[in-house]
Amino acid sequence: MLPFRRLSVWEKAHELALRVHRVVESGALQRSPGLGAQLLRAVTAIPTNIAEGSGHSTQAQFNRFLEIALASASEADYQLLLAKDLGLISARDYAQFEARVSEVRAMLSSL
């Protein structure tokens, strides 16, 4: 399989994880630490599963990890919506994150 760092979907997912980490670490979700922790787990699971899947020897195994990454992207998408609706992140931040999650989900689906 390809080294994960050469996959554009991994790059996009990694950048998304970095951006979400920065917002959570800034204290934006301090009123709901459980949501912040769950969001970090979900958003980090996306590039993690892409990387792990790329280390397997068959396409079927790789595809399974891409499915898990896609499910984590859906989870993160909802948690970001919840954070916005609770007033924990701005509508502007949400729109940027949602666009990035949608892009990653589309890229994962096309693989």
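When the options Asn49, Thr48, Ile50 are evaluated for a side chain to side chain contact (heavy atoms under 4.5 Å, CB included) with Ile46, the one that passes is Ile50.
If you take CZ on Phe97 and CZ on Arg92, they are separated by 10.0 Å, rounding to the nearest 0.5 Å. Between the OG atom in Ser102 and the CZ atom in Arg100 there is a gap of 12.0 Å [rounded to 0.5 Å]. Here Arg19 contributes atom CZ and Asp93 contributes atom CG; the two are 10.0 Å apart, rounded to the nearest 0.5 Å. Between atom CE of residue Met107 and atom CG of residue Leu111 there is a gap of 7.5 Å, rounded to the nearest 0.5 Å. Residue Gln61 holds its CD atom at 12.0 Å from CG of Leu66, rounded to the nearest 0.5 Å.
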Identify each donor-acceptor pair in which a side-chain atom of residues 70-78 lies under 3.5 Å from a protein atom, sequence neighbours left out, and give them as a table.
unit_1	atom_1	unit_2	atom_2	d
Ser72	OG	Ile68	O	3.3
Ser74	OG	Leu70	O	3.4
Ser74	OG	Arg105	NH2	3.4
Glu75	OE2	Gln38	NE2	2.4
Glu75	OE2	Gln79	NE2	3.1
Asp77	OD2	Arg105	NH1	2.9

Name the atoms and distances for all side-chain donor-acceptor pairs under 3.5 Å in residues 3-11, with sequence neighbours left out.
none

Could you tabulate the donor-acceptor pairs under 3.5 Å formed by side-chain atoms of residues 21-31, not counting sequence neighbours?
unit_1	atom_1	unit_2	atom_2	d
His21	NE2	Thr44	OG1	3.0
Ser26	OG	Val23	O	2.6
Arg31	NH2	Leu86	O	3.2

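When every heavy atom of Leu80 is checked against every heavy atom of Tyr94, the shortest pair comes out as O-CD1, 3.5 Å.
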Subject >> Audit row: Arg64, Glu67, salt bridge (Lys or Arg N to Asp or Glu O under 4.0 Å) steps and yes/no >> reply: CA-CA 5 Å; Arg64 176 67 184 127; Glu67 289 174 1; 3.4 Å; yes
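Linking ILVMFWY side-chain heavy atoms closer than 4.5 Å, directly or via other members, places Leu40 and Ile89 in a single hydrophobic cluster.
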